[in-house]
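In what follows, every heavy atom counts, from backbone to side chain, and hydrogens, waters and symmetry copies are set aside. Note that ligands are numbered from 1 as they come in the structure, with each ligand's atoms numbered from 1 the same way.
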Amino acid sequence: MNNFDFQNPTRILFGEGTLAKLGQEAAAYGSKVLLMYGGGSIKRTGLYDNVTAQLRERGIEVFEVGGVEPNPRLSTVRKAIEISRANGVQFILAVGGGSAIDAAKAVAIGVPYEGDVWDFFVQKAQAKSALPLGTVLTLSATGTEMNGNTVITNWEENLKKGYGSLHAYPKFSILDPTLTYTVPADQTMNGTVDMMTHVFEQYFSLTPDTPLQERMCESVLQTVIENAESALANPEDYVARANLMLCGTYALNGGFISVGMRGDWASHGIEHEVSGIYDIPHGTGLAIIYPNWMKYVYRERIERFAQYAVRVWKVNPDGKTDEEVALAGIQATRDFFTRIGAPSKLSEVGVGDEKIDVMAAEAVRFGPIGSFKKLNKDDVAEIYRMSL
Ligand SMILES: NC(=O)c1ccc[n+]([C@@H]2O[C@H](COP(=O)([O-])OP(=O)(O)OC[C@H]3O[C@@H](n4cnc5c(N)ncnc54)[C@H](O)[C@@H]3O)[C@@H](O)[C@H]2O)c1
């Protein structure tokens, strides 16, 4: 296990009915709020009315940026920063999934920064401060509700880039699983894949002697697998929705389940290049790419893949080589993704081979990616080709 320094400053208010605490929580951070939300589900479900009523009851003036895109755009973030500055906004509130929350994080760190917010995403600057941010989560997937990461797409340059900072952690996040009852099946699938791959990025590590962390990762994976199909079969299954929500948060809350382990994260970089150009959902891209990354790298530490197969997928190792067990676990992963409705090929989502060179070059813009196996441009291009 490596030495580590772990801190997570986000308060979580979890459970049915916690939405009612929003007004009280928000009032602690000022009297002018910028409310950010996505495409309109919050208006259809009545959540918008509930949120704005709670804010107004506390005398909070509400400015708004709605319509934050899935794969949130830099242009929207810049617009929200201008509105915040022009109106002296003191607090940012995101209501939605990862897209609304990530956009709000970029606004929170962008408002006090004198340069252009994109500087953070191209490693030109580090955030030194932020406006306080609160979130109401409506989709279990990213973990952004309890971490300091934000992923933004610069559509003019076809670049999707992530940035992380301690300043970008929400002050609080309200996690009421009943708010996810309206999430459609395809987004439940995307969210399920997203949280599982977050765990994979941490679990497939070369760091030795991490038994507790490995078991925590395996527990999150098993809990996701046990609950995803129930949530798909019955979208208002509280137990399934609550378990998925907690799994999504634990899967990526600043690395709690994998402290002292070196993560990989190559597949996320490889996927970002696809959704940065083709605008496909992140979870869909990961469902296609991740099993192929696994096939490409498993020989680097075959016993970790065999352990994954046995402990998570209950593959019976009797009479099999480690390699056979490892491959059975990779196949079980692929089969599960297919069972919950995820595509298995880029061609199914309109992605051909025409941009493979561009995407591979961009994925390694700052050097080789990954740590389980370091991948250069040719490796990345091969994983794209395996995914066609
Ligand atoms: N910051 C991080 O740590 C992190 C991690 C992984 C991914 N991401 C990024 O997050 C983004 C994806 O976020 P996401 O997966 O949460 O999806 P999303 O926020 O893009 O939402 C997907 C769709 O679901 C709809 N939706 C959300 N809640 C709903 C509800 N309760 N009922 C009905 N519809 C609802 C949205 O309007 C949208 O159309 C991507 O840009 C991805 O790259 C961020």
### Query
Would a search of protein heavy atoms around atom 33 (C) of ligand 1 find one under 4.0 Å away?
yes
### Task
Heavy-atom contacts with T182 under 4.0 Å: which atoms of ligand 1 show up? List them by number with element.
30 (C), 31 (N), 32 (N), 33 (C)
### Task
Using a strict 4.0 Å cut-off to heavy atoms of N71, name the atoms of ligand 1 that fall inside it.
40 (C), 41 (O)
### Query
Hey, does V183 have a side-chain heavy atom less than 4.5 Å from the side chain of T138?
no
### Query
Any idea which protein heavy atom is nearest atom 14 (P) of ligand 1, and the distance to it?
G98 N, 3.5 Å
### Query
Of T197, L139, L252, which has the heavy atom at the shortest distance from atom 27 (C) of ligand 1?
L139
### Message
Only heavy atoms of T138, strictly under 4.0 Å: list the atoms of ligand 1 that pass.
### Response
27 (C), 28 (N), 29 (C), 30 (C), 31 (N)
### Message
Return the closest protein heavy atom for atom 43 (O) of ligand 1 as residue, atom name and distance.
### Response
K160 NZ, 3.0 Å
### Query
Quick one: does Y203's side chain get under 4.5 Å of M196's, heavy atoms only?
no
### Message
Could you check whether any side-chain heavy atom of N8 comes within less than 4.5 Å of a side-chain heavy atom of Y169, counting everything from C-beta outward?
### Response
yes
### Task
Report the relative orientation of the aromatic rings in Y308 and W313; use parallel for angles under 30°, tilted for 30 to 60°, perpendicular for over 60°.
perpendicular
### Query
Are there more than 12 heavy atoms of other residues, nucleotides or ligands under 6.0 Å from atom CG of D5?
no
### Task
Would you mind checking which non-hydrogen protein atom is closest to atom 3 (O) of ligand 1, with the distance to 0.1 Å?
N147 ND2, 3.0 Å
### Message
Within ligand 1, which atoms have a heavy atom of H198 less than 4.0 Å away?
### Response
5 (C), 6 (C)
#### Entry: Per-atom contacts of ligand 1 with L179, taking only distances under 4.0 Å to non-hydrogen atoms
31 (N)
### Task
Check whether any side-chain heavy atom of N149 lies under 4.5 Å from a side-chain heavy atom of Y163, and answer yes or no.
no
#### Entry: Closest protein heavy atom (residue, atom, distance) for atom 11 (C) of ligand 1
S99 OG, 3.5 Å
### Message
Using a 4.0 Å cutoff against the non-hydrogen atoms of D194, which atoms of ligand 1 qualify?
### Response
6 (C), 7 (C)
### Query
R215 and T210: side-chain donor and acceptor closer than 3.5 Å?
no
### Query
For atom 38 (C) of ligand 1, which protein heavy atom lies nearest, and how many Å away is it?
P70 CG, 4.2 Å
### Message
Tell me whether the rings of H198 and W265 are parallel (<30°), tilted (30 to 60°) or perpendicular (>60°).
### Response
tilted
### Message
Give me the nearest non-hydrogen protein atom to atom 35 (C) of ligand 1 as residue plus atom name, then the distance to 0.1 Å.
### Response
S41 OG, 3.5 Å
### Task
Check each atom of ligand 1 against the heavy atoms of P72 and keep those under 4.0 Å away; list them by number with element.
41 (O)
### Query
Who's the nearest protein heavy-atom neighbour of atom 37 (O) of ligand 1, and how far?
G39 N, 3.9 Å
### Closest approach of any protein heavy atom to atom 9 (C) of ligand 1, naming residue and atom
D102 OD2, 3.6 Å
## Note on the structure
Ranking E271, H282, R44, Q187 by closest non-hydrogen atom to atom 22 (C) of ligand 1, top hit is Q187
### Query
Does A141 come within less than 4.0 Å of ligand 1, judged by its heavy atoms?
yes
### Task
For Y384 and N292, test the side chains for any donor-to-acceptor distance below 3.5 angstrom and give the result as yes or no.
no
#### Entry: Per-atom contacts, ligand 1 versus N149 - under 4.0 Å to a heavy atom
1 (N), 2 (C), 3 (O)
### Query
Quick one: are L388 and I356 in side-chain contact, heavy atoms under 4.5 Å?
yes
### Query
More than 12 heavy atoms of other residues, nucleotides or ligands under 6.0 Å from CZ of F121: is that the case?
yes
### Query
Should the pair K355-E273 be classified as a salt bridge under the 4.0 Å nitrogen-to-oxygen rule?
no
